[in-house]
There are 2 protein chains.
Amino acid sequence: MTRHGENPRSPRGEDADLLLLDQQICFSLNAASRAFGGVYRTALKDLGLTYPQYLVMLVLWEEGALPVKQLGERLRLDSGTLSPLLKRLEAAGLVVRERSPEDERSVIVTPTPAGRELREGALAVPRRILAAAGLPLDDLRALRELLTRVTANLDAAAGA
Amino acid sequence: MTRHGENPRSPRGEDADLLLLDQQICFSLNAASRAFGGVYRTALKDLGLTYPQYLVMLVLWEEGALPVKQLGERLRLDSGTLSPLLKRLEAAGLVVRERSPEDERSVIVTPTPAGRELREGALAVPRRILAAAGLPLDDLRALRELLTRVTANLDAAAGA
DNA sequence: GCCGATTTAGTTGTGCGCAATTGAATTGTG
DNA sequence: CACAATTCAATTGCGCACAACTAAATCGGC
């Protein structure tokens with residue numbers, strides 16, 4: 001990025017800043033998110049889970065069993081993403097998917113015993129991630145708060 | 001999320017917190033990143049660009065022309081992602097890709113006149129995004145600083 | 001009770017993002 | 001100079017994430 005420091009200011013002033021890569025907050029967000037992704041991939045390798053699959057298991061460990069719809073709400077994923085993902089988790093013997101007797105459109109996802117046992121091994125994961133992130137707790141809290149706010153704002157703007 | 005507030009604390013204490021979805025900083029990051037993605041998709045629709053393509057154009061508007069390798073470094077994307085992406089941008093007539101005469105392994109990416117003209121229409125995009133994000137400048141700065149730090153830490157941990 | 005409107009999960013199609021691999025070009029070493 | 005090591009972009013394969021669409025089930029209004 002040394003090259004970038006030498007970049008002369010464009011005479012257009014404010015407009016030039018607006019379109020500089022490093023001014024795009026979303027780029028920083030994206031870069032951080034993907035950097036986390038890399039560290040998670042290493043940490044989750046032994047569990048045989050991808051990061052999105054790990055998130056699914058987190059929710060199921062927490063809730064026990066959930067309809068796909070609610071799983072999607074918790075994870076902010078639609079059925080286009082979840083359906084094949086759950087299919088692979090089921091193929092791996094970690095969850096079962098069953099039609100709800102109360103509403104046959106609904107499918108309940110339940111961890112198998114094997115899927116529940118995986119939780120023990122998963123305890124090391126957040127510790128590794130926190131260590132890699134290297135931020136004090138206060139900063140993590142501030143980060144999470146800012147992220148939550150901006151996500152809520154973006155959701156509101158998208159719904160408008 | 002009202003259901004979540006009723007979730008009794010597990011007797012395991014700290015361990016239970018570690019694996020709660022809402023405690024995963026990366027989930028907040030991911031959710032925010034994807035929420036941005038949605039707003040960008042709307043904002044970029046008229047330009048006919050996806051968000052990653054828009055980032056590529058940002059860099060090229062800034063630099064004029066770059067080898068794929070440097071483009072990848074700026075955007076933190078590997079050639080597996082960039083190669084097809086640039087191929088589509090070239091097919092859309094927005095960039096050209098040429099082998100460097102100095103090193104034939106290297107490919108220089110240059111915006112076409114049409115690609116350069118697109119910059120004018122792109123000026124509205126960051127404004128729309130900033131409005132949708134709804135954070136004061138101070139908070140945006142704090143957010144970017146935190147993200148930069150955590151990304152650097154994660155990179156260091158990944159390289160270890 | 002009937003039927004239109006809505007909901008739910010699943011499918012199709014597209015564009016990513018990453019790991020592994022490949023072929024050609026360049027670099028580095030003896 | 002010869003050749004091993006490294007570099008660069010492109011390709012292959014896989015798992016996501018989203019938009020659009022589908023079929024079946026359920027809801028709501030008359």
Side-chain angles (χ1 to χ4, degrees), chain A residues 26-27 29-42 44-45 48-56 66-73 75-92 95-109 154 158, chain B residues 26-27 29-42 44-45 48-56 66-73 75-92 95-109 154 158:
Chain A
C26 186
F27 176 65
L29 249 184
N30 219 298
S33 188
R34 287 192 284 117
F36 265 114
V39 178
Y40 265 108
R41 265 190 298 280
T42 304
L44 291 169
K45 199 168 187 174
L49 295 175
T50 64
Y51 175 64
Q53 288 171 2
Y54 165 71
L55 291 181
V56 167
L66 270 188
V68 171
K69 179 173 154 66
Q70 279 179 45
L71 201 44
E73 282 167 356
L75 294 167
R76 305 176 60 94
L77 293 174
D78 66 18
S79 77
T81 303
L82 268 183
S83 202
L85 188 156
L86 292 173
K87 194 169 181 178
R88 282 186 293 272
L89 276 182
E90 190 172 37
V95 305
V96 289
R97 292 183 294 169
E98 289 158 320
R99 289 267 154 204
S100 164
E102 280 112 38
D103 181 347
E104 289 189 35
R105 298 169 302 180
S106 181
V107 170
I108 311 295
V109 187
L154 294 166
Chain B
C26 187
F27 176 65
L29 249 184
N30 220 297
S33 187
R34 287 192 284 118
F36 266 113
V39 178
Y40 266 107
R41 264 191 297 281
T42 304
L44 291 169
K45 198 168 188 174
L49 295 174
T50 64
Y51 175 65
Q53 289 171 357
Y54 165 72
L55 292 182
V56 167
L66 271 187
V68 171
K69 179 172 155 66
Q70 279 180 47
L71 201 44
E73 282 167 358
L75 294 168
R76 306 176 60 93
L77 292 175
D78 66 16
S79 78
T81 303
L82 268 183
S83 202
L85 189 156
L86 292 172
K87 193 173 183 176
R88 282 186 292 271
L89 276 182
E90 190 172 34
V95 304
V96 290
R97 292 182 295 170
E98 290 156 320
R99 289 264 157 207
S100 164
E102 279 114 36
D103 181 346
E104 288 190 36
R105 297 169 301 180
S106 181
V107 169
I108 311 293
V109 186
L154 293 166

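What you see is a predicted model, and the numbers here were worked out from it, not measured in a lab. By convention in this document, chain letters (A, B, ...) are assigned in the order of the sequence lines, proteins followed by strands, and residues within each chain are numbered from 1.
Remark: of the listed residues B:Leu85, B:Leu82, B:Leu77, B:Leu82 is the sole one forming a side chain to side chain contact (heavy atoms under 4.5 Å, CB included) with B:Leu71.
Here chain A contacts DNA chain C (any atom closer than 4.0 Å to a heavy atom, that is under 4.0 Å), and the contacts span C:dT7 to C:dA19 from 5' to 3'.
Distance CD (B:Gln70) to P (D:dC8): 10 Å, rounded to an integer number of Å. For A:Leu44 and D:dC16, the CG to P distance is 12 Å, given to the nearest whole Å. One atom, CD of A:Glu102, and another, C1' of D:dC27, lie 16 Å apart when rounded to the nearest Å. As a whole-Å value, the separation of A:Leu86 CG from D:dG15 C1' is 13 Å. The CG-P distance, from A:Leu82 to D:dC16, rounds to 10 Å in whole Å.
Considering only residues two or more places apart in sequence or on other chains, B:Glu104 meets the side-chain hydrogen bond (donor to acceptor under 3.5 Å, both in side chains) condition with none of them. With sequence neighbours excluded, no residue satisfies ring pair (Phe, Tyr, Trp, His ring centres under 6.0 Å) with A:Phe36. In this structure B:Arg97 satisfies the side-chain hydrogen bond (donor to acceptor under 3.5 Å, both in side chains) test together with B:Glu90, sequence neighbours excluded. Evaluation of the side-chain hydrogen bond (donor to acceptor under 3.5 Å, both in side chains) rule for B:Arg105 yields B:Asp103 as partners, not counting sequence neighbours. Residues satisfying the salt bridge (Lys or Arg N to Asp or Glu O under 4.0 Å) test with B:Arg76, not counting sequence neighbours, are B:Asp155. Among residues two or more places apart in sequence or in another chain, the side-chain hydrogen bond (donor to acceptor under 3.5 Å, both in side chains) test is passed with B:Ser106 by none.
Note on B:Ser83: a base of the nucleic acid sits closer than 4.0 angstrom, heavy atoms only.
The side-chain heavy atoms of B:Leu44 and B:Thr50, taken from C-beta on, include no pair separated by under 4.5 Å.
Nearest-nucleotide positions on DNA chain D for A:Arg88 and A:Ser100 put A:Arg88 closer to the 5' end. Along DNA chain C, the nucleotide nearest to A:Pro84 and the one nearest to B:Pro101 differ in position, and the one closer to the 5' end is contacted by A:Pro84.
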Item to complete: List the protein contact pattern of nucleotides 17-25 of chain D with one symbol per nucleotide (5' to 3'): B for base contact, S for sugar-phosphate-only contact, - for none; contact means a heavy-atom distance under 4.0 Å.
Response: BBS-----B

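Within the structure, the salt bridge (Lys or Arg N to Asp or Glu O under 4.0 Å) test picks out no pair touching residues 77-88 of chain B (sequence neighbours left out).
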